[in-house]
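These notes concern the structure reproduced below.
A quick note: this is a predicted structure, and the numbers were derived from the prediction, not measured.
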Amino acid sequence: MSAGQMTAAAGLERHHEPPFREVPEAPSWVRVPGLPMRVRLPRRRTQRMLASAVLTLGVAVSAAATAGLLTAAHHQRYVLAAAHAPARPVRAPRGPWVVAPPPAATRRVPPPVSLTIPAIGVHTRLIRLGLTASGALRPPRTTAVAGWYTGSPPPGATGPAIIAGHVDSYAGPGVFFRLRLLHRGDRIYVRQSGGRVAVFRVGTVRRYAKARFPTPAVYGAAPTPQLRLITCGGTFDPARGSYLSNVVVYATMIKG
């Protein structure tokens, strides 16, 4: 593992939340996606205090202020919505598959531009994620897209490629809201800038307490092209405005 990967991993392990960001005051009533009824939020004064303090991220960086859903009950409604609302169907992308390189290959692999996960209805462009001045991973600025950490190999190259995204925010589900629902054998498609598609098969889905995030297992060297998808998960702590765990999907590239 390179020094840059270790630094970014440490940042993820310590925080897993985004920098402070002010959010608009929420209405007294909101409609939760997937539920037929409207939900009453806390009183206006409480809303202002909570909304100015939080915006949840599915991955993490170096901020002292954290983000999240307004209340634990509000978060529970999101979970119910995911359980009862099926994922929006998406098709697997077409195009030539990437051929897995031999272990000693050093050929250049194009950067990724999009991610598709049909099993959970995900199709998103991929932005590039770098490091902050403090050396922690800089998260996506929006919950609607995922990002590839440029300190890791591009998907399709030898080693573990890291893609991270938000699970949700005060406004609703994020791009990786259903990540925890993936199962062994599900396929993940990453389109490269050259047009080819790297296809991965899910091996395992794990949840780790943030205090015990397994940095070597997630970021450590691998002899084959692999993929790690990371977001927040587990119990939501309304007092801290963040999740207490991380969900990590481990996938291996299918040989073309």
Side-chain angles (χ1 to χ4, degrees), residues 8-28 30 32-35 39-84 120 132 134 136-144 146-147 164-182 205-215 217-218 228-249:
L12 281 166
E13 185 175 350
R14 286 196 303 272
H15 298 289
H16 296 274
E17 279 84 43
F20 170 80
R21 182 182 302 171
E22 292 200 19
V23 294
E25 181 176 333
S28 298
V30 298
V32 177
L35 294 181
V39 181
R40 187 175 183 84
L41 295 180
R43 299 167 75 174
R44 184 175 299 272
R45 181 179 178 184
T46 304
Q47 286 177 261
R48 287 198 298 267
M49 294 171 61
L50 291 170
S52 63
V54 296
L55 168 74
T56 300
L57 165 64
V59 317
V61 278
S62 63
T66 58
L69 298 172
L70 295 179
T71 65
H74 194 55
H75 168 255
Q76 184 61 29
R77 293 184 184 276
Y78 283 144
V79 174
L80 290 174
H84 296 289
I120 56 173
T132 65
S134 62
L137 184 66
R138 188 182 301 278
R141 292 182 176 274
T142 170
T143 62
H166 296 263
V167 62
D168 58 25
S169 74
Y170 72 93
V175 65
F176 279 171
F177 185 65
R178 291 183 173 89
L179 196 66
R180 64 185 178 84
L181 302 179
L182 285 175
V205 179
R206 295 283 185 261
R207 190 178 75 190
Y208 304 106
K210 292 181 179 179
R212 295 188 296 274
F213 189 82
T215 299
V218 175
R228 311 282 191 256
L229 305 181
I230 307 175
T231 193
C232 284
T235 302
F236 179 77
D237 184 351
R240 299 169 60 179
S242 65
Y243 289 90
L244 300 181
S245 303
N246 282 98
V247 173
V248 180
V249 173

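- The shortest non-hydrogen separation linking Thr143 to Ser169 is CG2-CB, 3.8 Å.
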Show, in sequence, the C-alpha distance, side-chain angles and deciding distance for Asp237 and Tyr243, and conclude whether the side chain to side chain contact (heavy atoms under 4.5 Å, CB included) test is met.
CA-CA 6 Å; Asp237 184 351; Tyr243 289 90; over 6 Å; no
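- Taking the side chain as every heavy atom from C-beta outward, Pro214 and Tyr208 approach each other to under 4.5 Å.
- Taking every heavy atom of both residues into account, Pro140 and Ala164 meet most closely at CG-O, 4.2 Å.
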With side chain to side chain contact (heavy atoms under 4.5 Å, CB included) as the criterion, how do Asn246 and Thr231 come out once you've worked through the C-alpha distance, each side chain's angles and the decisive distance to 0.1 Å?
CA-CA 6 Å; Asn246 282 98; Thr231 193; over 6 Å; no
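- Considering CZ of Arg180 and CD1 of Ile120, their distance stands at 10.5 Å, rounded to 0.5 Å.
- Across all non-hydrogen atoms, the minimal contact from Pro238 to Phe236 is CD-O, 3.3 Å.
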Could you go step by step and tell me if His166 and Cys232 meet the side chain to side chain contact (heavy atoms under 4.5 Å, CB included) rule?
CA-CA 7 Å; His166 296 263; Cys232 284; over 6 Å; no
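- At least one side-chain heavy atom of Phe213 sits under 4.5 Å from a side-chain heavy atom of Val218.
- Partners of Val249 under the side chain to side chain contact (heavy atoms under 4.5 Å, CB included) rule, at least two apart in sequence or in another chain, are Leu179, Leu182, Ile188, Val202, Val205, Leu229.
- When all heavy atoms of Ser245 and Arg207 are compared, the pair lying nearest together is CB-CG, 3.7 Å.
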